[in-house]
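Okay, structure first, notes after.
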Amino acid sequence: MSAAPASLASTPIQRRFAGLKERGRCALMPFLMAGDPDLATTRATLLALEAEGSDLIELGIPYSDPLADGPVIQAAASRSLAAGTTPTAVLEMLSGLRGELTLPVVLFTYTNPLLNRGLETFCREAAAAGAAGLVVPDLPLEEAERLSPIAASHGLDLVLLVAPTTPAERMARIAEASRGFTYLVSVTGVTGVRTILESRVGDLVQQLKGLGPRPVAVGFGISGPDQARQVRDWGADGAIVGSALVKVMAAAHQEGKDPAQAAAGFIAGLRRALDA
Amino acid sequence: MTSTLPPIPQDSAAPPGAAALEKEARPNALGRFGRYGGQYVPETLMPALAELEAAAAEAWKDPAFTSRLDHLLKTYVGRPSPLYEAERLSAHYRRPEGGPRIWLKREDLNHTGAHKINNALGQALLALRMGKQRIIAETGAGQHGVATATVCARFGLECVIYMGAEDMRRQALNVFRMRLLGATVQPVTAGTATLKDATSEAIRDWVTNVETTHYILGSVAGPHPYPMLVRDFHAVIGEETKVQCQAAFNRLPDVLLACVGGGSNAMGLFHPFVSDTSVRLIGVEAAGDGVATGRHAATITEGRLGVLHGAMSLLLQDEQGQVQEAHSISAGLDYPGVGPEHSYLQELGRAEYAAVTDQEALEALQRLSLLEGIIPALETAHAFAWLEQLCPTLAPGTELVINLSGRGDKDVTTVAERLGDQLAGG
């Protein structure tokens, strides 16, 4: 490991993946929608997810027109917006967890709210609140060229996405430009719960791993322990679980139970599966 | 009222950014019109957008494609559409010293009743070239949905139309037409249940089925190459107009007027005239209940820089960057975004944009019905409503062309709801 260039271990996300690799562990990265049903729940859930063995967290900032999201996360964003959640409030909540939450938080947001705030301002505020990275699903390689250096100047990793439809030559350029890790979208589609993962995902993981040392995390469509383990066995460095978790939390809330507790139970099961 | 409009280039020899107005520069190689346009879409779609751009470029160079398109435009769509002199409408605005002569570009006479078929037909032919057998589209007023369902029936393609539940209610006739044509109409209940949400849902379908499906986007909006592609299929409107003006009065028109939601009919009319800087280009947006009420769809008038449905353009949004609900009596203009090239032409000062209210559009619809025996679509009526402000400012002898982009049959129920009491006695 000492042979790895210093630049690969200079941000919280990079250090986290380097540490996991030493321990031979696949990163568990839950996604949750900030402010669904309210920010106090999000705060409690973030802490519970870390306690149950999450390695990184993807935190969604709700947006009115989430093009890359399926019905589950769309509905979560709508509930959050209806509850009055704003990007400012999400960052304030995150800021309030400094010292308590130690895992790297990657913000998941769309281009328009980012642009509206100003790329420079948004990155400064996100970094100040303690975020470690950004995922912007409607910002492909070409359009990310402007944001990536701005994010980097604030110590934020701009994580780029690769899809099953991405040609090999383009995949290499994306992997090169992505920071922190490369986000492999496991399905041709939007976020959501799927019952099976296409076997070509395994080939894509291997293809990406062959391009260099940057970690590869797989997301979109991982719904439970079996799929998380499958992704690990294909050689991925991380498994991202979004819609399935959001669904568990929404169901708990509807039944009058504590969404944070439900999330903790669900993530504990995934952790056991990944460590088995 | 003209004081609210941006300045008009006075010297046709040196307009602002003359090079920027050349066709080749709109868009540039990166799919941008100045700072507008681009491709803000999930990575999954990027290869499909590149494939579409390459397929379109090849098709335009292939005589087999262009001759088939031309033949179908003539025999199936009914082109060229006439340029009609609206004598009684012109007389209505005539002052003692004279007034403008008003011409109507009769896109309402196309097959399916609006300009939308030009683009739907072109893109269906492209889909066939690319070997895609499944077609999806979004629709607001239903005109693009009907046009797409029509060409899918014509070529035996599977067709799914996404339409906001609220728009399905407002445009029930068009929903039935699409179903008769064999299309599946998929109601969209998310968000505001209008065109914005139908477009998002169509894009999500495309992300999921991109390998087998072509998305026939219906306006000059969306990620590159759509703003260019859709404009180029509608440019036939402006090209015919140029020839017809020459035949009718032996010169270029002075003013072109069209309604703007996403802006496809306006862009189709304007495009061949953009570098003819003596020609004033005016787009008319929907002011809904009035721009000051916040209940409107006047994106260029009130919007700020933003990204919606894959393109950077002007956008109606709140202070947090959430996209705002648009309001218009016309489902086809009820959209919080606008095509990037319109934002660009406005920024350059090459085109002017105004806005008229629901009420003004309804009055214009009645006026055209009574004076010319033509019931325009509610969308189109917005362009006619601006004549009230514009005509008193125009010199006698001004040659003015309005794009009569669609007919009003689909809107009769909506209009009846609003005017029922007034017409009941007749």
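Every chain is numbered from 1, with letters handed out A, B, ... down the list of sequences.
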Minimum-distance pair of heavy atoms, taken over all atoms of [X] and [Y]:
X	Y	answer
B:Val323	A:Ser64	N-OG, 2.8 Å
B:Ala190	A:Gln74	CB-OE1, 4.0 Å
B:Val307	A:Leu115	CG2-CD2, 4.0 Å

**Item:** Reported CE-to-CD1 distance for the pair B:Met46 and A:Ile174, which is rounded to 0.5 angstrom
**Value:** 8.5 Å

**Straight-line distance of B:Gln320 CD to A:Asn116 CG, nearest 0.5 Å** = 7.5 Å

**Request:** Let me know if B:Glu201 has heavy atoms under 4.5 Å from chain A in its side chain, its backbone, both or neither.
**Result:** side chain

**Request:** Please look at B:Asp318 and chain A and tell me whether the side chain, the backbone, both or neither of the residue comes under 4.5 angstrom of a heavy atom of that chain.
**Result:** backbone

Taking side chain as everything from C-beta outward and backbone as N, CA, C, O, which of these in [X] sits under 4.5 Å from a heavy atom of chain B? Side chain, backbone, both or neither.
X	value
A:Leu67	both
A:Leu81	side chain
A:Val162	backbone
A:Pro137	backbone
A:Pro62	backbone

**Request:** Could you check A:Thr188 against B:Val207 for side chain to side chain contact (heavy atoms under 4.5 Å, CB included), going step by step and ending with a plain yes or no?
**Result:** CA-CA 6 Å; A:Thr188 308; B:Val207 172; 5.8 Å; no

For [X], does the [atom1] atom sit with more than 12 other heavy atoms under 6.0 Å from it, leaving out its own atoms?
X	atom1	answer
A:Lys209	NZ	yes
A:Glu176	CD	no
A:His253	NE2	no
A:Arg146	CZ	no

**Item:** Distance-only donor-acceptor check, side chains B:Glu211 and A:Thr165, under 3.5 Å
**Value:** no

**Request:** Establish, from distance only, whether the side-chain atoms of B:Gln317 and A:Asn112 form a donor-acceptor pair under 3.5 Å.
**Result:** yes

**Message:** If we ignore hydrogens and angles and just use 3.5 Å, is the side chain of B:Thr44 paired with the main-chain N or O of A:Ala163 as donor and acceptor?
**Reply:** no

**Request:** Determine whether A:Pro140 and B:Pro42 make a side-chain contact, defined as any pair of heavy atoms from C-beta on separated by less than 4.5 Å.
**Result:** no

**Message:** Please evaluate residues A:Glu143 and B:Met312 with respect to the criterion side chain to side chain contact (heavy atoms under 4.5 Å, CB included), reporting the C-alpha separation (whole Å), side-chain torsions for both, the decisive distance (0.1 Å), and the verdict.
**Reply:** CA-CA 11 Å; A:Glu143 309 293 356; B:Met312 185 173 285; over 6 Å; no

**Complete:** Of the listed A:Asp69, A:Asp138, A:Leu139, A:Thr166, the one with the largest count of heavy-atom pairs under 4.5 Å with chain B is A:Asp138

**Message:** Between B:Leu30 and A:Glu142, does the side chain to side chain contact (heavy atoms under 4.5 Å, CB included) criterion hold? Intermediate values first, please.
**Reply:** CA-CA 9 Å; B:Leu30 298 171; A:Glu142 290 75 6; over 6 Å; no

